[in-house]
Every structure is written in structure tokens, then in C-alpha cells.
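Indexing begins at 1, ligand by ligand and atom by atom, following the structure's order.
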Amino acid sequence: MQAVAQAQPNIALIKYWGKRDVDRNLPAVDSLSVTLDTLWTWMSLEFDARLEQDTLDVNGSEAPSMLARVSHCLDLVVGSGRAFARVESSSNFPIGAGLASSASAFAALVVAADKAAGSGLETNALARLAGAASGSAARSLFGGFVELTATDENIEVREIADSASWPLEVIIAVTAEGPKALGSTEAMIRSARTSPFYSSWLEQQSADLEIARQAVRQRDFAKLAAVAEHNCLKMHSVMWGSRPPIVYWNQATLACMETVRALQADRLSVFFTIDAGPQLKAVCLPEDAEFVRAALEQTAGVIRVMRSGLGPGARLLEQA
Ligand code: DP6
């Protein structure tokens, strides 16, 4: 009745933005991501018949605001007649700040709950359950390069290349550490309702995804860089065109973009992507990673940088 799991966040290169079914949390578009290795969320879970409700501790403190989502996710994995659970999680990076902490948290949660309850679900079934809690979490069940395909019925998630086959590096420039003002769920719903660019976003996604898929297959960094930056800026254009507008960037985010542009002018193999928060993620070839890290660290307004390679999907840990 007890299990411990670990999962890493993933960074989308072709973004999930928008829902075709809000109640079932089914994405409106397909997406492609890379799973990281040095950032992690650790999740310990115990079902206990003596408990009168679920309890949740995040990084050593009670987290009542996140409890309902966690309880709902456990109901989906185990069934609503389940015993209550004691859930403890910790992460080695800021949570709720556009660093995909919900992705690693829900991926680890479904793996731990499945083991603790003895459900024995397949990885894709677990990905669907994690995705129902947070769309991007479905991708963290897999490692390396991951593609998520959505239909009106469900999602399919698969690894299209493993982490060793194209060992890209990701440098994360943290430009603000507090939680973001507007969560991605609410922001996506607002974009769909009010942005004049939302329909173009939906129309063009499969073409962007096909180019990215080819780039991964061919290990063509320049091709991946061009389509990933385009897709990221297009997603943010959808947000900027929403009413009221959704702007996650700060001055340091823009300064980091300029740093990446300067590195590209110096012929380094690097591109940026930005999610629903002010942090910039620079993806680069391993030989350029140290230069990229140093340049972002020196960029005005950057609080700190983190560096990661690509890593595996969510997995169980041996218990003490
Ligand atoms: C910008 O997965 O956090 O990071 O399903 O509403 O929980 P919910 O959204 P979430 O959104 C991630 C959006 C993104 C792009 C991406 O990761 O693909």
C-alpha cells in the first residue's frame, strides 16, 4: 500500500496550448517534448485505512490548495472507493513558475499510486490518467523525445527517440521565482475564447509537428531550432492577442532571448523556448552547453541557471 516514484519535467518544443474537451482535459493540439534528467520530483504515497482524508505535503509543508487535484487524480487511478492517502512530494526546482512542476508531479503520482494500489496499469494508461490531471504530465511518463497525439476520444503518448540517441542539453534561465499569476488551464481557456489567432494556431500545428518530427529523425538541429522557436512565439502571440492579454514574460525573459540571438550569430547551436511563465529554456548541442550556460548566467535579471540533459520517463524508486 506504499510506493515512491520519481519523474522529471518535460519541455515542449512543439507546444500544447488549448483544450478540445475541458472536462476531460483533452488537448486541442498534438505536442512534442523532451524529458529532462537533473530536475526531478519525488513522490511518496501510502494508502492508509485509518486516515479520514487525503493529506498532501509539498517540500515539507502542507499544500491544501493542491489537494483536490491530487485526490481527483488518485480517484482516477485507483477508483473513488479507495482508502485515503498520505502523499509527500519534493522537487529540486521552483514549483508553479512555468517549469513544468505539475508535469513531473502528476507523472510521479500516477506511477506511485498504481504501484501502491497494485493496479498494474500500462504506461500509456498511466499517461492518460496523468494527462487528465495536467496535459503536459502525460509526456513525463516517457523519456527522451516524446510525442503526444490527441483525438476526441483520448491521447496516445510515445517516445520517438531515446535520450542517448540525440543528447541535447537544456539550460534553464530562472528570471522570477514566485508562482505565476495565471495558471495555464485558465490561460488556455481564455485564449480559446478570445484570441483572434487561436484558430490559426490550431490549423498550423500538425505542419509544425511534422517538421519537428523530421528534424528529430534526421538529428537536424537547425531545422528543429527554427520550428521550435516559431511554435513557441506563435503560442505566445495567441496569448498576447487574448482579452485581457496574457503576458508571461518579464524584461529578463527578453534579455535572455537577445542573449540566445547573439549566441546564434556567433554560430552556436542553440535555440530558445518559453512556456507559461517568465523562464527561458535554451536547448543546445552538448559542445555549446557551457557557453550557453555562462552567457545566460551573465544576462541582466537572471536569478540563476539550471542545466540538464535528457532523461528517462517516470519510474518507481526502491523503498528504504
Ligand atoms: C505552455 O499541462 O500545465 O507548458 O493541462 O491545464 O494542466 P493543464 O496545462 P499544462 O500546460 C502546459 C502548457 C505549456 C506547453 C506544453 O507543455 O506543451
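- Interface of Lys19 with ligand 1, defined as ligand atoms under 4.0 Å from a residue heavy atom, comprises 5 (O), 6 (O), 8 (P).
- Within ligand 1, the atoms closer than 4.0 Å to a non-hydrogen atom of Ser134 are 2 (O), 3 (O), 5 (O), 7 (O), 8 (P), 10 (P), numbered from 1 in the order shown.
- Classification of the Trp249-His236 ring pair by plane angle, with boundaries at 30° and 60°, yields tilted.
- The Ala12 neighbourhood of ligand 1 comprises atoms 16 (C), 17 (O), 18 (O), with distances under 4.0 Å to a heavy atom of that residue.
- Counting heavy atoms closer than 4.0 Å to ligand 1, residue Arg139 contributes side-chain atoms (C-beta onward) but none from N, CA, C or O.
- Counting atoms of ligand 1 from 1 in the listed order, those under 4.0 Å from a heavy atom of Gly135 are 2 (O), 5 (O), 7 (O), 8 (P).
- Between Gln8 and Arg315 there is a side-chain heavy-atom pair separated by less than 4.5 Å.
- Side-chain atoms of Glu62 and Leu56, non-hydrogen and from C-beta on, never get closer than 4.5 Å to each other.
- Of all the heavy atoms of Arg69, the ones lying under 4.0 Å from any atom of ligand 1 belong exclusively to the side chain.
- Looking at Asn25 against ligand 1, only its side chain comes within 4.0 Å, counting heavy atoms.
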Inset, instruction - Kindly indicate, with the supporting measurements, whether the criterion side-chain hydrogen bond (donor to acceptor under 3.5 Å, both in side chains) is fulfilled by Ser308 and Asp37. - result: CA-CA 6 Å; Ser308 179; Asp37 66 352; 2.9 Å; yes
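- Using a 4.0 Å cut-off to heavy atoms of Met188, the atoms of ligand 1 that qualify are 9 (O), 11 (O), 13 (C).
- Here the shortest heavy-atom distance to atom 13 (C) of ligand 1, taken over Tyr16, Tyr248, Phe106, belongs to Tyr16.
- Listed for the Arg293 side chain is no donor-acceptor partner under 3.5 Å among the backbone atoms of Met306.
- Taking the six-membered ring where the residue is Trp, Phe221 and Phe271 present tilted rings, their angle falling between 30° and 60°.
- Close approach of ligand 1 to Met235 (heavy-atom distance below 4.0 Å) involves ligand atoms 1 (C).
- Distance from atom 4 (O) of ligand 1 to its nearest protein heavy atom, with residue and atom name: Asp275 OD1, 3.4 Å.
- Contact analysis puts Ala276 in contact with ligand 1, with a non-hydrogen atom separation below 4.0 angstrom.
- A donor-acceptor distance shorter than 3.5 angstrom exists from the side chain of Asp54 to the backbone of Ala85, with no hydrogens or angles considered.
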Working note: Asn231 + Gln205, criterion side-chain hydrogen bond (donor to acceptor under 3.5 Å, both in side chains); need CA distance, chi angles, decisive distance, verdict.
CA-CA 8 Å; Asn231 190 265; Gln205 186 77 346; 3.0 Å; yes
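- Annotation: atom 2 (O) of ligand 1 to nearest protein heavy atom, Ser136 OG, 2.7 Å.
- The protein atom (non-hydrogen) at minimum distance from atom 3 (O) of ligand 1 is Ser184 OG, 2.9 Å.
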side-chain hydrogen bond (donor to acceptor under 3.5 Å, both in side chains) between Ser242 and Arg190, worked out = CA-CA 7 Å; Ser242 301; Arg190 188 188 299 172; over 6 Å; no
